[in-house]
Amino acid sequence: MAVRQLNLELPPKDGPTYPIIFADGLYQHLAEHITETTIALITDEHIAHYHAELVVAALASAGKTLHTYTVPAGEASKSLTTYGSLLSAMLQDGLDRHSAVLALGGGVVGDLAGFVAASFMRGIEVYQCPTSLLAMVDSSVGGKTGVNTPEGKNLVGAFWQPKAVLVDVNALRTLPDHTFREGAVELFKHGLLADETLATAFKDPRFTPMGETEYWLELLPRAVRVKADIVMEDETEQGVRAFLNLGHTLGHALESYSHAHTEVGYAPLSHGEAVAYGLVFAAKLSAQRGYADETRRCLEFLQWLKPKPLHDSLTNETFDQLSSYLYNDKKAHDKQLRWILLEAVGKPIIVDDIHQTELQAAWRYLLANTQGLPV
């Protein structure tokens with residue numbers, strides 16, 4: 001079994017350290033990394049179909065007691081209702097503070113299960129076992145957990161670090177193409193923040209769910225290293241961790257807006273799709289400020305992604321429709337929006353004095369250059 005491993009050491013330097021393990025065939029060896037005997041396996045209906053049987057069998061054969069909780073697939077499960085139901089079920093099943101949570105799934109499952117672990121019995125161990133590209137390179141690492149509310153994304157949650165992140169690269173082979181592409185958004189973002197190789201990875205013919213195992217065992221740790229280095233410097237987002245929000249300020253607003261406008265003919269944007277639009281927007285804001293102009297690269301990536309189109313009600317004149325979603329974002333401070341811009345690839349900065357005219361100009365650019373994209 002080929003293995004790569006990173007260790008995330010959080011501040012202070014003598015603080016908690018946890019491994020991020022990448023391997024080919026790791027599911028069969030999960031028990032070697034999970035010390036607790038009673039485990040709440042939280043997954044979704046889609047992931048359960050592909051992976052739950054193998055994971056359950058491997059842990060049960062090692063003498064672990066498992067309680068499996070399966071939620072509906074999709075963003076709607078990342079809710080206070082589902083969160084409360086899971087806590088109640090675990091209490092009724094007799095789990096206690098010596099139990100652990102195993103999050104088997106993508107970003108929704110990881111965020112939801114992590115928040116359950118953070119609050120059950122005032123906090124129990126959680127193991128993140130990401131199955132999507134997005135979760136492997138981003139959401140499983142760094143300890144952000146939470147759920148959505150009608151007012152916005154991720155407004156309720158906790159910082160709760162996993163005991164380990166366990167990545168079986170074989171899970172990539174089960175991903176639908178659109179899910180894989182959406183996960184690539186965070187990897188591309190990490191490239192803009194710190195690593196030119198990651199920013200061009202989508203052009204590599206090996207960059208597919210069926211790509212060579214050795215390729216993924218090299219690329220995934222490289223992508224995670226970008227996030228890990230930032231998180232180690234700023235665990236609770238008091239400073240540089242905000243860099244990881246590149247593309248997310250507008251992205252979260254677009255995602256929330258699209259979920260509020262799901263009439264016939266319009267499917268809501270996924271998280272990855274919305275952030276990809278947000279990256280183009282942030283790139284244009286950067287260029288307008290005289291910083292690096294990465295708009296062409298971001299548009300090229302957006303064309304590769306093939307996102308769903310923006311809602312027809314979003315026009316040049318209606319940017320203000322997004323205002324309530326923008327200002328409800330948890331990254332706003334005293335109702336002042338913070339934008340992450342790029343002075344250059346590898347040189348992100350935090351800017352909090354963007355004028356409305358700058359936002360309007362970037363918005364017009366985004367609309368003009370994303371109409372008619374391939375889908």
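One distance of note links CE of M90 with OG of S99; it measures 7.0 Å at 0.5 Å rounding. Atoms CG and NE2, from L244 and H190 in turn, are 5.5 Å apart once rounded to the nearest 0.5 Å. Atom CG of L26 and atom CD of E32 lie 8.5 Å apart (nearest 0.5 Å).
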Between W339 and F281, is the ring pair (Phe, Tyr, Trp, His ring centres under 6.0 Å) condition met? List the steps.
CA-CA 10 Å; W339 298 90; F281 187 80; 5.5 Å; yes
Take D168 and H51 through the side chain to side chain contact (heavy atoms under 4.5 Å, CB included) test and state the conclusion after the steps.
CA-CA 11 Å; D168 191 332; H51 304 299; over 6 Å; no
Full working for side chain to side chain contact (heavy atoms under 4.5 Å, CB included) between L310 and Y277
CA-CA 9 Å; L310 296 175; Y277 282 116; 3.8 Å; yes
After noting the C-alpha distance and the side-chain angles of L326 and T249, does the key distance pass the side chain to side chain contact (heavy atoms under 4.5 Å, CB included) rule?
CA-CA 7 Å; L326 286 169; T249 303; 4.1 Å; yes
When you look at K284 and L366, which way does the side chain to side chain contact (heavy atoms under 4.5 Å, CB included) test go after all the steps?
CA-CA 8 Å; K284 186 60 178 175; L366 176 66; over 6 Å; no
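D138 places a side-chain heavy atom less than 4.5 Å from the side chain of K189. A heavy-atom distance below 4.5 Å is not found between the side chains of V109 and I47. Residues L102 and V55 have side chains in contact (heavy-atom distance under 4.5 Å, counting atoms from C-beta outward). Side-chain contact between Y27 and T131: present, with at least one pair of heavy atoms (C-beta onward) separated by less than 4.5 Å. V116 places none of its side-chain heavy atoms less than 4.5 Å from the side chain of Y69. Side-chain contact check for L112 versus V147: some heavy-atom pair is nearer than 4.5 Å. By the 4.5 Å heavy-atom criterion applied to side chains, D204 and Y215 are counted as neighbours. R241 is listed as a side-chain neighbour of K144, based on a closest heavy-atom distance under 4.5 Å.
Without hydrogens or angle criteria, T82 side chain to K78 main chain gives no donor-acceptor distance under 3.5 Å. In this structure, K227 contributes its side chain and G142 its backbone to no donor-acceptor pair below 3.5 Å. A side-chain donor-acceptor contact under 3.5 Å links T174 to the backbone of A171. Although no hydrogens or angles enter the test, the distance criterion places a donor-acceptor pair under 3.5 Å between the side chain of Q288 and the main chain of E358. Put simply, the side chain of D93 never gets that close to the backbone of L95: no donor and acceptor are under 3.5 Å apart. Side-chain atoms of T38 do not come within 3.5 Å of backbone N or O of T65 as any donor-acceptor pair. Formation of a donor-acceptor pair under 3.5 Å by the S256 side chain with backbone atoms of A253 is not found in this model. Listed for the S77 side chain is no donor-acceptor partner under 3.5 Å among the backbone atoms of A73. S286 places no side-chain N or O within donor-acceptor distance of the main-chain N or O of L341, the cut-off being under 3.5 Å. Distance alone, capped at 3.5 Å, is enough to place a donor-acceptor pair between the N369 side chain and the Y365 backbone.
Here E36 pairs with K163 in a salt bridge; the nearest charged N to carboxylate O distance falls below 4.0 Å. Ion pair D195/R225 not flagged as a salt bridge, since none of the NZ, NE, NH1 or NH2 atoms sits closer than 4.0 Å to an Asp/Glu carboxylate oxygen. A salt bridge links R289 with D353: at least one charged nitrogen is closer than 4.0 Å to a carboxylate oxygen. A salt bridge is absent between R297 and E300; no separation between the charged side-chain nitrogens and carboxylate oxygens falls under 4.0 Å.
The aromatic rings of W363 and F319 sit tilted, their planes meeting at an angle between 30° and 60°. Classified by interplanar angle (parallel below 30°, tilted 30° to 60°, perpendicular above 60°), the ring pair W304/F180 is perpendicular. Taking the six-membered ring where the residue is Trp, F207 and W216 present tilted rings, their angle falling between 30° and 60°.
Hydrophobic clustering (side-chain heavy atoms under 4.5 Å, transitive across Ile, Leu, Val, Met, Phe, Trp, Tyr) keeps F115 apart from V108. Transitive grouping of hydrophobic side chains (ILVMFWY, heavy atoms separated by less than 4.5 Å) brings V137 and V185 into a common cluster. Under a hydrophobic-cluster definition in which Ile, Leu, Val, Met, Phe, Trp and Tyr are linked whenever side-chain heavy atoms come within less than 4.5 Å, directly or via other members, L192 and V275 are assigned to the same cluster. Linking Ile, Leu, Val, Met, Phe, Trp and Tyr whenever their side-chain heavy atoms come within less than 4.5 Å puts F120 and Y83 in one cluster. Residues I340 and L302 fall within the same hydrophobic cluster, defined by Ile, Leu, Val, Met, Phe, Trp and Tyr side chains chained together at heavy-atom separations under 4.5 Å.
Residue-environment remark: CD (E233) stays at or below the threshold of 12 foreign heavy atoms within 6.0 Å. More than 12 heavy-atom neighbours from other residues, nucleotides or ligands sit within 6.0 angstrom of CZ on R173.
In this model, a donor atom of one side chain and an acceptor atom of the other lie less than 3.5 Å apart for S313 and Y257. Using a 3.5 Å distance cut-off with no hydrogens or angles, the side chains of E186 and H248 do pair a donor with an acceptor.
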